[in-house]
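Let me begin by presenting the structure, written as structure tokens, before commenting on it.
Below, read A as the first sequence line, B as the second, and so on, with proteins coming before strands; counting in each chain starts at 1. Basis for what follows: all heavy atoms, side chains included, without hydrogens, waters or symmetry-related copies. Quick caveat: nothing in here was measured; it's all calculated off a predicted structure.
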2 protein chains.
Amino acid sequence: MDPHLLRTYVTVARLASFSEAARDLGYTQSAVSQHIAALETDLGMPLLTRRPVAPTPAGERLLEHAGALLLRLDAARADLDRFAAAPRATLDVAASPLALTPRTLAALPATGVTLRGLSRERVPVAVATGEADAGLVDGIAAPSDPLRLTDIAPLAATGVAEEPLAVVLPAHHPLAGRPGVRLDDLVDARWLDAPDAGIPLDRLRAVHGGPAGRGFRDALRYEGTDTRTLAALAAAGHGLALLPLPAAAGVPGAAAVPLVAPRLVHRVELLLPAGTGREPTGPVAGFARRLKG
Amino acid sequence: MDPHLLRTYVTVARLASFSEAARDLGYTQSAVSQHIAALETDLGMPLLTRRPVAPTPAGERLLEHAGALLLRLDAARADLDRFAAAPRATLDVAASPLALTPRTLAALPATGVTLRGLSRERVPVAVATGEADAGLVDGIAAPSDPLRLTDIAPLAATGVAEEPLAVVLPAHHPLAGRPGVRLDDLVDARWLDAPDAGIPLDRLRAVHGGPAGRGFRDALRYEGTDTRTLAALAAAGHGLALLPLPAAAGVPGAAAVPLVAPRLVHRVELLLPAGTGREPTGPVAGFARRLKG
DNA sequence: CTAATTTACGACCAACGTAATCATT
DNA sequence: AATGATTACGTTGGTCGTAAATTAG
């Protein structure tokens with residue numbers, strides 16, 4: 001269970017080839033073979049089938065563990081490096097698309113900022129591994145409830161914004177004129193599945209019916225990150241979309257109907273590296289202060 | 001950042017001595033010294049002060065990471081071992097004290113059960129590291145909200161019981177006759193701090209006022225795990241206690257007043273190792289089925 | 001037959017122990 | 001002075017690369 005062996009293993013599994021992995025890692029193919037053999041001996045079970053190279057069921061299981069493990073390892077090193085490093089003059093912010101509201105954008109310093117748009121899952125990773133100094137993630141939750149983030153490393157999360165949710169539907173939709181809509185009424189509707197631009201459908205199913213929750217069939221899947229495109233798709237009748245009310249309002253040809261039940265909000269949280277140490281300094285501190293204050 | 005070095009490091013930090021750590025780990029003191037030196041060189045900063053041996057600020061930070069890392073490592077190995085192991089004939093259940101309700105106890109098989117009482121934090125660890133086949137944890141949460149557990153490894157959590165909460169107070173207390181009580185009314189009261197037997201005070205502060213929440217001063221700290229003792233302390237006027245209503249009722253000399261605001265419940269969850277693999281078999285499966293069904 | 005993994009073997013490096021040295025109380 | 005951490009150094013075991021053997025498509 002040496003991290004080196006694990007890193008080799010995940011690379012082999014990802015590339016589905018010993019030789020490719022060797023090239024990728026700067027090893028010889030023989031070394032890779034020995035790594036895998038060592039792991040399989042250590043754990044007492046085969047992890048990969050050869051020709052074609054694919055993880056066995058046990059190997060699949062190991063992949064989950066190994067990924068998280070290596071991530072934590074990188075996060076730990078990054079955190080310690082950051083601990084000793086000189087205070088930074090610039091600010092790298094990782095943000096999921098819907099986390100960029102007028103309010104969060106206004107809090108960014110005027111100069112020296114790099115803004116990196118990432119998917120929701122990758123924002124905490126970027127902060128933990130030191131690729132970003134701060135993160136902004138969005139998600140849906142009950143009012144004043146924290147977001148459920150996968151905790152890679154100890155990160156401090158602070159809520160910085162909560163806004164109502166709205167369903168975007170074509171202007172001619174029967175529910176378009178209503179002052180509010182219940183999620184129950186839309187279980188059987190066709191939805192747009194846009195995990196990066198909007199709210200992922202499985203989150204909807206989760207907050208609604210639990211894991212066994214059927215419903216919320218997807219009509220069309222949009223893999224981009226542009227909210228306007230998503231709203232346009234909804235306006236064109238390709239399916240319903242769930243967006244924060246401010247983002248949903250003012251789309252031509254579409255109506256934004258606030259979601260009134262269940263009581264959910266769109267929430268944005270600020271992610272900063274860990275906690276027990278001293279307070280952040282420099283641009284990060286200013287950014288955090290403007291967001292919280 | 002070799003796990004061996006990390007394990008040595010946490011041991012040295014825990015025992016505050018190179019020689020003691022060496023004895024504990026079966027190394028010579030020289031080897032321990034070299035391990036620490038290697039770590040400090042690798043990370044480029046001192047981690048421990050010598051004479052007395054104590055972690056530096058950076059070392060403190062590393063301790064957090066290292067603990068989680070080593071735990072995950074153990075969990076991964078245990079999970080893989082379990083994957084290959086023959087189906088077990090006995091059942092080891094780890095449970096926090098208040099998770100043992102009549103309902104959960106009734107679901108235990110008649111024979112071949114070992115029940116291990118642990119603190120709330122240690123139950124997930126026991127399941128993840130394979131010390132237990134299943135876990136029962138309790139905590140407070142909003143109705144039908146999952147508990148917030150530290151995720152050591154991928155564990156499947158299922159809610160198995162939710163019951164109202166009640167404040168235990170002396171029979172002569174002014175609020176004793178009331179049909180219900182609000183937490184707001186009790187912020188300034190003296191509370192019993194019994195993290196293992198009852199609800200920890202910081203959880204109360206967290207659900208109430210957030211991290212800065214003052215109030216809920218502790219009058220007496222009880223470190224045992226016996227709920228009857230806790231109730232007796234409350235009856236004797238040593239402070240208030242928060243318990244699940246069934247556990248709080250029927251205590252001589254004490255009144256149990258249901259908590260009506262905020263809307264919180266005492267929740268018990270069943271913890272099973274990971275998910276993506278096949279379904280559990282043997283006694284674990286029966287236990288889980290009886291609890292869920 | 002060809003492409004790719006495994007095995008054999010030798011060189012090198014890293015890890016540990018013994019023992020001497022150094023530092024702190 | 002005594003306790004305890006560090007440094008020096010020799011031995012051992014493990015890791016990697018080269019190259020030959022083997023296997024599967």
Side-chain angles (χ1 to χ4, degrees), chain A residues 1-60 62-63 66 69-70 73-74 76-77 80, chain B residues 1-60 62-63 66 69-70 73-74 76-77 80:
Chain A
M1 296 276 292
D2 183 327
H4 290 134
L5 304 189
L6 291 180
R7 199 159 303 230
T8 305
Y9 172 69
V10 298
T11 308
V12 171
R14 178 167 50 87
L15 300 177
S17 158
F18 283 57
S19 339
E20 296 273 336
R23 208 162 306 130
D24 191 86
L25 295 166
Y27 285 129
T28 147
Q29 63 186 177
S30 166
V32 170
S33 187
Q34 293 176 55
H35 278 190
I36 302 301
L39 249 188
E40 291 183 324
T41 305
D42 179 26
L43 295 174
M45 61 190 85
L47 299 170
L48 293 168
T49 64
R50 323 296 152 99
R51 308 171 194 265
V53 174
T56 63
E60 293 276 9
L62 180 59
L63 272 180
L69 222 30
L70 295 174
L73 210 55
D74 289 348
R77 158 152 278 132
L80 270 287
Chain B
M1 296 275 293
D2 183 326
H4 291 133
L5 304 188
L6 291 180
R7 201 160 303 241
T8 304
Y9 172 69
V10 299
T11 308
V12 171
R14 177 166 53 86
L15 301 176
S17 158
F18 283 56
S19 340
E20 296 272 338
R23 207 162 306 130
D24 191 86
L25 295 165
Y27 285 130
T28 156
Q29 64 186 175
S30 167
V32 171
S33 188
Q34 293 176 55
H35 278 190
I36 303 300
L39 249 189
E40 290 183 325
T41 305
D42 179 25
L43 295 174
M45 60 189 84
L47 298 170
L48 293 167
T49 63
R50 325 294 153 100
R51 303 174 190 266
V53 173
T56 62
E60 293 277 9
L62 179 61
L63 273 180
L69 221 30
L70 295 175
L73 210 56
D74 289 348
R77 158 152 278 132
L80 271 285

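Atom CD in B/Glu60 sits 10.0 Å away from atom CG in B/Leu48 (nearest 0.5 Å). For the atom pair CG of B/Leu6 and CG of A/Leu73, the computed distance is 7.5 Å after rounding to the nearest 0.5 Å. To the nearest 0.5 angstrom, B/Thr8 atom OG1 is 4.5 Å from B/His35 atom NE2.
No donor-acceptor contact under 3.5 Å links the side chain of A/Ser19 to the base of C/dT5. Remark: the B/Ser30 side chain and the D/dT7 base include a donor-acceptor N/O pair separated by less than 3.5 Å.
Distance B/Leu25 CG to C/dC16 C1': 13 Å, rounded to the nearest Å. The interatomic distance linking A/Asp2 (CG) with D/dC16 (P) rounds to 9 Å, in whole Å. What separates CD of B/Glu20 from P of D/dG4 is a distance of 8 Å, to the nearest Å. Computed from coordinates, the A/Phe18 CZ to C/dT7 P distance equals 11 Å when rounded to whole Å. The NE2-P distance, from B/His4 to C/dA15, rounds to 11 Å in whole Å. Look at CZ on B/Arg23: it is 12 Å from P on D/dT3, rounded to the nearest Å. One can place OH of B/Tyr27 at 17 Å from P of D/dA5, the figure rounded to the nearest angstrom.
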### Task
Dump the intermediate steps for side chain to side chain donor-acceptor pair (under 3.5 Å) on A/Gln34 and A/Ser30, then the final yes or no.
CA-CA 6 Å; A/Gln34 293 176 55; A/Ser30 166; 3.0 Å; yes

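Residues forming a side chain to side chain donor-acceptor pair (under 3.5 Å) with A/Asp42 (at least two apart in sequence, or on another chain): B/Arg77.
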### Query
Which letter, B, S or -, goes with each nucleotide of nucleotides 20-25 of chain C from 5' to 3', with contact meaning a protein heavy atom under 4.0 Å?
---BBS

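Contact check of residues 31-43 of chain B against DNA chain C (heavy atom, cut-off under 4.0 Å) returns B/Ala31, B/Gln34, B/His35.
The shortest non-hydrogen separation linking A/Tyr9 to A/Ile36 is CA-CD1, 3.9 Å.
Between the B/Ser33 side chain and the B/Gln29 main chain, no donor and acceptor come within less than 3.5 Å of each other.
Proximity of A/His4 to B/Asp2: side-chain heavy atoms (C-beta onward) are nowhere separated by under 4.5 Å.
A side chain to side chain contact (heavy atoms under 4.5 Å, CB included) with B/Leu62 holds for exactly one of B/Leu39, B/Thr56, B/Val10; it is B/Leu39.
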